[in-house]
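Since the structure is predicted, the reported quantities are computational estimates derived from the model, not experimental observations. Along the sequence shown, the residues carry numbers beginning at 1. All ligand and atom numbering here is 1-based and tracks the order in the structure.
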Amino acid sequence: MGASQKDFENAVNRLKLLKEDPGNDTKIKLYALYKQATEGPCNVPRPPVLDFVSKAKWDAWNALGSLPKETARQNYVDLVSSLSPSPKSSSSGAIGNPPKSESVLMTSRDGITTITLNRPAKKNAITLQMYEDILLAMNAASQDDSTITVFTGNGEYYSSGNDLANFTDNPGGLKLSEDGNLPLRKFVDTFIDFPKPLVAVVNGPAVGITVTLLGLFDAVYASDRATFHTPFSSLGLSPEGCSSYTFPKIMGPSKAVEMLIFGKKITAREACARGLVTEVFPDGTFQEEVWARLKAYAKNPPNAMRIAKQVIRSSEKEKLHAVNAEECRILEERVLSEECINAVLNFFSRKARL
Ligand SMILES: CCCCC/C=C/CC(=O)SCCNC(=O)CCNC(=O)[C@H](O)C(C)(C)COP(=O)(O)OP(=O)(O)OC[C@H]1O[C@@H](n2cnc3c(N)ncnc32)[C@H](O)[C@@H]1OP(=O)(O)O
């Protein structure tokens with residue numbers, strides 16, 4: 001097991017964004033690893049002696065001998081990771097980079113980058129702009145010098161899920177594919193591929209997509225005030241965030257059905273018994289206990305944690321990407337259904353609350 005094809009492609013793209021020239025030696029190493037990863041062992045004739053650059057590249061590729069393609073791919077990803085720009089944390093804890101958003105905050109301290117949903121007046125419901133800001137924040141977090149990335153919510157709720165106005169504000173329907181107005185597929189793919197340990201600090205009730213995504217996190221710590229609710233059927237929707245695959249795997253099919261089809265809201269302790277939540281803390285000491293724990297974990301060597309995550313997760317990645325693609329295809333139809341439109345209209349006319 002090693003870096004997936006997707007990891008490799010991400011690394012190729014990240015290399016293009018490098019602000020500093022990594023130097024000729026590194027560029028030649030990268031060239032050789034790229035060729036080995038994509039074409040296998042060098043099998044082309046050595047360039048003429050006077051063509052110094054081509055000869056140096058050929059020598060580097062040839063020197064890799066019969067190194068397996070998978071190993072070359074992994075070495076390439078590791079080398080690009082070691083070169084990636086690393087936005088520095090400031091002493092105030094704010095990262096100067098994206099997102100420039102009031103509703104999605106990003107701070108970095110003690111080796112932990114925290115992404116906070118900050119729209120408490122609307123129970124941290126996620127607008128289209130927030131989906132984009134979360135993507136930006138995750139891309140920045142994947143490259144900064146923190147070792148762990150944390151998601152949490154500000155205020156009473158962790159999040160009430162997708163902002164239902166996303167449906168009414170887009171009467172033609174939401175396009176959930178790569179280039180649609182809500183690139184849900186890309187959004188969920190980012191969670192699948194996230195390279196560092198990803199932890200949810202669930203400070204209060206969680207609804208919809210903010211529950212399903214928990215199946216892609218590496219640890220979920222919850223206040224005993226938190227609840228977990230995926231009311232897809234009553235909204236005329238279908239499961240997303242890879243939950244159609246992760247939930248049955250985590251909690252068994254019948255418990256998953258109870259949540260994903262019948263919309264049963266469960267408590268933090270029930271979610272913990274089902275394996276969706278790692279540990280539950282009393283609300284009064286939640287923040288103190290969880291952050292002390294995370295600060296200690298963040299002191300572990302970052303590469304070891306990243307590689308351990310890769311070893312644990314990489315065999316599932318292809319499956320998860322396929323599940324995500326299929327869930328998005330089905331959901332795109334569901335959002336145009338009469339059942340969904342009526343449910344959303346009822347919510348905004350205050351006829352229906354969860
Ligand atoms: C097609 C896109 C796909 C994207 C991916 C798909 C995701 C699926 C999902 O996430 S489904 C889950 C969607 N979420 C909900 O259905 C929750 C809806 N909200 C509620 O039922 C309730 O608001 C509540 C139970 C979360 C809280 O109830 P309470 O009575 O305590 O508070 P209010 O209802 O008065 O809420 C306060 C204000 O917040 C607004 N609001 C809350 N949640 C949402 C939301 N999800 N979308 C939009 N707006 C939300 C609510 O309208 C109030 O606003 P107001 O003060 O202006 O009236």
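Here Asp7 pairs with Lys317 in a salt bridge; the nearest charged N to carboxylate O distance falls below 4.0 Å. The pair Arg46-Asp59 counts as a salt bridge, with a side-chain nitrogen and a carboxylate oxygen less than 4.0 angstrom apart. For the pair Glu102 and Arg119, the salt-bridge criterion is not met [side-chain N within less than 4.0 Å of a carboxylate O].
The shell of residues lying under 4.0 angstrom from ligand 1, judged by heavy atoms, excludes Asn166. Residue contact check for ligand 1: Ala121 places a non-hydrogen atom closer than 4.0 Å to it.
More than 12 heavy-atom neighbours from other residues, nucleotides or ligands sit within 6.0 angstrom of NZ on Lys196. Applying the 6.0 Å contact sphere to CD of Glu318 captures no more than 12 heavy atoms from other residues, nucleotides or ligands. Within 6.0 Å of atom OH in Tyr34, 12 or fewer heavy atoms from other residues, nucleotides or ligands are found, so the atom counts as exposed in its surroundings. When the shell of 6.0 Å around NZ of Lys319 is examined, it contains 12 or fewer heavy atoms from other residues, nucleotides or ligands.
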Identify all side-chain donor-acceptor contacts of residues 200-223 below 3.5 Å with residues at least two apart in sequence or on another chain.
residue : atom : partner : partner atom : Å
Asn203  : OD1  : Gly153  : N            : 3.1
Asn203  : ND2  : Gly153  : O            : 3.0
Asn203  : ND2  : Gly155  : O            : 3.1
Asn203  : ND2  : Tyr157  : O            : 3.1
Thr210  : OG1  : Val207  : N            : 3.4
Thr210  : OG1  : Val207  : O            : 2.7
Thr212  : OG1  : Ile209  : O            : 3.0
Thr212  : OG1  : Glu240  : OE1          : 2.6
Asp218  : OD1  : Arg313  : NE           : 3.0
Asp218  : OD1  : Arg313  : NH2          : 3.1
Asp218  : OD2  : Leu198  : N            : 2.8
Asp218  : OD2  : Lys309  : NZ           : 2.7
Ser223  : OG   : Arg225  : N            : 2.9
Ser223  : OG   : Asp283  : OD1          : 2.7

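Checking only distances, Tyr131 never comes within under 3.5 Å of ligand 1, N or O to N or O. The N/O atoms of Tyr157, backbone and side chain alike, include none that comes under 3.5 Å of an N/O atom in ligand 1. Between Leu184 and ligand 1, no pair of N/O atoms sits closer than 3.5 Å. Where the criterion is an N or O separation shorter than 3.5 Å, residue side chain and backbone included, Ser160 meets it with respect to ligand 1. Looking at Ile209 next to ligand 1, an N or O pair under 3.5 Å apart turns up.
Closest to atom 50 (C) of ligand 1 by heavy atom, among Phe347, Phe232, Phe167, is Phe347. Summarising the contacts of atom 31 (O) of ligand 1 with Glu240, Glu156, Glu327, Lys123, the nearest heavy atom is found in Lys123. Distances from atom 12 (C) of ligand 1 to the heavy atoms of Gly263, Gly208, Ser159, Gly241 put Gly208 nearest. Taking all heavy atoms of Val207, Val211, Val344, Asn162 into account, the minimum distance to atom 10 (O) of ligand 1 is reached by Asn162.
In Val335, the part holding a heavy atom less than 4.0 Å from any atom of ligand 1 is the side chain. Using a 4.0 Å cut-off between heavy atoms, Leu235 contacts ligand 1 through its side chain alone, with no backbone atom that close.
With ligand atoms numbered from 1 in the order given, ligand 1 contributes 44 (C), 45 (C), 46 (N), 47 (N) to contacts under 4.0 Å with heavy atoms of Ala125. The Gly161 neighbourhood of ligand 1 comprises atoms 10 (O), with distances under 4.0 Å to a heavy atom of that residue.
The list of side-chain hydrogen bond (donor to acceptor under 3.5 Å, both in side chains) pairs with a residue in residues 320-331, not counting sequence neighbours, reads Asp189-His321, Asp189-Asn324, Asp193-His321, Ser244-Glu327, Glu326-Arg329.
A donor-acceptor contact closer than 3.5 angstrom is absent between the side chains of Gln143 and Asn139.
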